[in-house]
Number of protein chains: 2
Amino acid sequence: MINITLKQLRYFEALARHRHFGRAAEACAISQPALSMQIKEMEDVLGAALFERSARQIRLTQFGEVAAERARDILRAADELGDLARASRERLVGRLRVGVIPTIAPYLLPKVMTDLSARYPELEIHVRETVTPKLIQELSDGQLDTAIVALPVSEGTLAETPLFHENFVLVRSAKEANAPLPNADSLREMRLLLLEEGHCFRDQALSFCNMPSGPPREVLDASSLSTLVQMVSAGMGVTLIPEMAVPVETRSASVSISRFEAPEPARTVGMVWRKTSPLANQLTEIADVVRQCA
Amino acid sequence: MINITLKQLRYFEALARHRHFGRAAEACAISQPALSMQIKEMEDVLGAALFERSARQIRLTQFGEVAAERARDILRAADELGDLARASRERLVGRLRVGVIPTIAPYLLPKVMTDLSARYPELEIHVRETVTPKLIQELSDGQLDTAIVALPVSEGTLAETPLFHENFVLVRSAKEANAPLPNADSLREMRLLLLEEGHCFRDQALSFCNMPSGPPREVLDASSLSTLVQMVSAGMGVTLIPEMAVPVETRSASVSISRFEAPEPARTVGMVWRKTSPLANQLTEIADVVRQCA
DNA sequence: TGTTTATCATAAGAAATAACTATCAATCCG
DNA sequence: CGGATTGATAGTTATTTCTTATGATAAACA
């Protein structure tokens, strides 16, 4: 199946406008025979005459009139595709799907969302909050554009950039405020409350205590830092939370916060995306904005 | 300025649908590298990535999604142009601008319009009624598609086909009904009422009497056959009218109609159109329909 | 862990398409 | 009738697009 081409439509449109092969050809920056051939080809393909050629002038046929209108529509649509491409290339627009782990989302997102919206008004931000393995899976599947997680991710297909480094602090009930600071080993002897399995923060905390991360423990596992703090406040044990969570989580709980001595437990939070992502350039820009927020 | 092509849009659409270069290429009946190259070319021209290629699968970029939608619109519009061409080629549709001389129009058109509309329901018929020279001019200018006039027209650029032959009859007042039939020469002595200048029928009548057609005559010239007959009915003279006009024009006038003896005055009515007209085929068909009516 | 498989990109030559120059044919005009 | 204008045609060249063969990379497999 042979078909018409946009080039033919362009030539046709010019001829319909000029009603003169020579001038239309000049307008298209080609020779008159080239125009003649393409018009003829187009008429052959369509199986209908577009122009009526009489001795000294040419006229659009009735079909030609209709076709000229359609041709203009098509050419305009094609041009718009170019405009659209330019727009999408010049600035970050459209939808950005961001995944964030639950031990970061509530503390970082409010400011990040505000700043990003201010900087990229045309950007529609979707947030997905879940544990790292799921985020990585969804990222790889193309359901997310980027994710904010604890580094390293060590996934060959993903690019990662660090955002900030944060320490973990000890949360004890208010009445233990002046008790001696436990070290990593003594923590193991205490009733350490942790997040349920799957959260990387659980593993990071356990690793600080040199405890195996795998098997479930006898203690109740919480589903959020907020719950953990409330449990501590109720005297059920102690826990660790990232520094960033302190202002939010201790507002409505009577607990004491203590920093560890060096080497303090800590984690690096970073942003990851597919190495192949077409948004790679914009994502490094966004990482900068997030860094400002932290 | 290099630009995208419809071919690229077709390939792109296929790839967007299959999300697989090999299968999309197969669907387009080309080799996989050919598809790769055209997609690459298209991305280069647009200056934006359409697909994100990762190891084992490809995905549309956000821009690609939008572009795919547009591409489908454009391709559909291009296909419709083909459909439109086919429709316009297969049957007579749209507008047909017909010119008819005033000494034919009122008698022939009612039936012709009815029959044509029945046969070509999608045909919109415009009628222009004026004298032959104006019709020929407008036909040549492309303001008319065809004209029904008295033959011959003898215009090199026009094609003509005869429709019917009609005699002229003598119209006298009712009380002259039994008077002897004048011949061409005796007509010259009578008060012969005629149409105003410009009407071919005037010239044809004069030519029958062997009188010069040019100079204005002393008698009142009428603007329609109807007026002529009414004048005859009022006793102002005699006239000739084409046979076809008899039923209509003598309905409300007390006149007598007489046929001449051979050689009877007559004219050939025919249809003309530009030799270059794209409607030429359809016009011969229409001439057949008109012939049926006469 | 190395091997196979799947998949898209690249390269080089061949085929197809579109362009140009030169020329023709028709017609209008003085 | 002769020159000028205009679109069509022919032959050749230039460009584009395709094909085949091959490469590179990562996933799947054993």
Side-chain angles (χ1 to χ4, degrees), chain A residues 1-12 14-16 18-45 49-61 64 136-137 140-142 154-159 274-276 278, chain B residues 1-12 14-16 18-45 49-61 64 137 140-141 155-158 274-276 278:
Chain A
M1 159 185 139
I2 303 152
N3 235 311
I4 61 172
T5 67
L6 278 184
K7 194 182 299 195
Q8 286 166 355
L9 288 183
R10 269 181 242 287
Y11 294 175
F12 167 53
L15 184 54
H18 288 96
R19 284 150 200 271
H20 186 286
F21 278 78
R23 283 189 282 280
E26 189 181 15
C28 295
I30 55 167
S31 67
Q32 170 264 313
L35 185 94
S36 281
M37 304 259 274
Q38 288 302 318
I39 296 295
K40 185 161 137 48
E41 167 74 19
M42 188 172 159
E43 287 179 321
D44 286 352
V45 169
L50 293 164
F51 296 93
E52 178 186 337
R53 292 113 159 126
S54 55
R56 255 188 140 58
Q57 63 179 327
I58 61 170
R59 255 188 297 276
L60 278 167
T61 61
I136 299 306
Q137 181 61 50
S140 300
D141 288 352
S154 306
E155 192 46 51
T157 60
L158 299 184
R274 292 184 302 280
K275 278 177 180 164
T276 57
Chain B
M1 157 187 141
I2 305 153
N3 235 312
I4 61 171
T5 66
L6 276 185
K7 195 185 298 193
Q8 285 168 355
L9 288 183
R10 269 181 239 288
Y11 293 176
F12 167 53
L15 185 54
H18 289 96
R19 282 148 201 271
H20 186 287
F21 278 78
R23 281 189 283 279
E26 190 181 13
C28 295
I30 54 168
S31 68
Q32 168 265 314
L35 186 94
S36 282
M37 302 226 287
Q38 288 301 321
I39 296 295
K40 185 161 137 46
E41 168 75 16
M42 188 172 159
E43 288 179 320
D44 286 352
V45 169
L50 293 163
F51 296 92
E52 178 186 337
R53 291 109 160 131
S54 56
R56 254 188 141 56
Q57 62 180 330
I58 62 171
R59 255 188 297 275
L60 278 167
T61 62
Q137 181 60 49
S140 299
D141 288 353
E155 183 62 39
T157 60
L158 299 183
R274 292 185 301 280
K275 280 178 179 164
T276 58

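Computation of the quantities below employed the complete heavy-atom set of this structure, encompassing side-chain atoms and omitting hydrogens, waters and symmetry-equivalent molecules. Throughout, protein chains are lettered first and strands after them, A, B, ... in sequence-line order, and every chain is numbered starting at 1. Model, not experiment: these values are computed from the prediction.
Within the 4.0 angstrom heavy-atom criterion, only backbone atoms of the sugar-phosphate kind lie near A/Thr157; the bases stay farther away. If you check every strand for non-hydrogen atoms under 4.0 Å, A/Phe51 touches nothing. Residue contacts shown for A/Met37 are absent, as no nucleic acid heavy atom lies under 4.0 Å away. Note on A/Ala34: only backbone sugar-phosphate atoms sit closer than 4.0 angstrom, heavy atoms only; bases stay farther off.
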May I have the step-by-step check of side chain to side chain contact (heavy atoms under 4.5 Å, CB included) for B/Met42 and B/Leu15, ending in yes or no? CA-CA 13 Å; B/Met42 188 172 159; B/Leu15 185 54; over 6 Å; no
Decide yes or no on side chain to side chain contact (heavy atoms under 4.5 Å, CB included) for A/Leu6 and B/Leu6, but give the supporting numbers first. CA-CA 6 Å; A/Leu6 278 184; B/Leu6 276 185; 3.6 Å; yes
Side chain to side chain contact (heavy atoms under 4.5 Å, CB included) between A/Thr5 and B/Thr5, worked out: CA-CA 7 Å; A/Thr5 67; B/Thr5 66; over 6 Å; no
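Between the CD1 atom of A/Ile30 and the P atom of C/dA19 there is a distance of 6 Å, given to the nearest Å. Atom CD in A/Gln8 sits roughly 7 Å away from atom P in C/dA18 (whole-Å rounding). A/Arg23 has its CZ atom 13 Å from the C1' atom of D/dG7, to the nearest Å. For the pair A/Arg10 CZ and C/dA18 C1', the interatomic distance rounds to 15 Å; values are reported in whole Å. Atom NZ of B/Lys40 and atom P of D/dT17 are 14 Å apart (whole Å). Between A/Gln57 atom CD and D/dA4 atom P the separation is 22 Å, expressed in whole Å. Straight-line distance from the CG atom of A/Leu35 to the C1' atom of C/dT21: 16 Å, rounded to whole Å. Note: CD1 (B/Ile39) to P (D/dT17) measures 13 Å, nearest angstrom.
Distance check, rounded to the nearest 0.5 Å: NZ of A/Lys7 to CD of A/Glu41 gives 12.0 Å. To the nearest 0.5 angstrom, B/Arg53 atom CZ is 7.5 Å from B/Ile39 atom CD1. With rounding to the nearest 0.5 angstrom, the CZ atom of A/Arg59 is 4.0 Å from the CZ atom of B/Arg274.
Between A/Tyr11 and B/Gly22, the residue anchored closer to the 5' end of DNA chain C is B/Gly22, taking for each the nucleotide with the nearest heavy atom.
The nucleotide whose nearest atom lies closest to any side-chain atom of B/Thr5 is, among C/dA9, D/dT17, D/dC18, D/dT17. The nucleotide whose nearest atom lies closest to any side-chain atom of A/Ser31 is, among D/dG7, C/dA9, C/dC20, C/dC20. Nearest to the side-chain atoms of B/His20 among the listed nucleotides D/dC18, C/dT7, C/dC20 stands C/dT7. Closest to the side chain of B/Pro33, out of C/dT10, C/dA22, C/dC8, is C/dT10.
For the OP1/OP2 pair of C/dT17 and a distance below 4.0 Å, the side-chain nitrogens and oxygens of A/Lys7 include no atom meeting the criterion. The shortest distance between the side-chain N/O atoms of B/Gln38 and the OP1/OP2 oxygens of D/dC18 is below 4.0 Å. Neither OP1 nor OP2 of D/dT6 sits under 4.0 Å from any side-chain N or O of A/Arg53. Contact annotation: A/Ser36 reaches the phosphate of D/dA8 (side-chain N/O to OP1 or OP2, under 4.0 Å).
Remark: the A/Glu41 side chain and the C/dA18 base include no donor-acceptor N/O pair separated by less than 3.5 Å.
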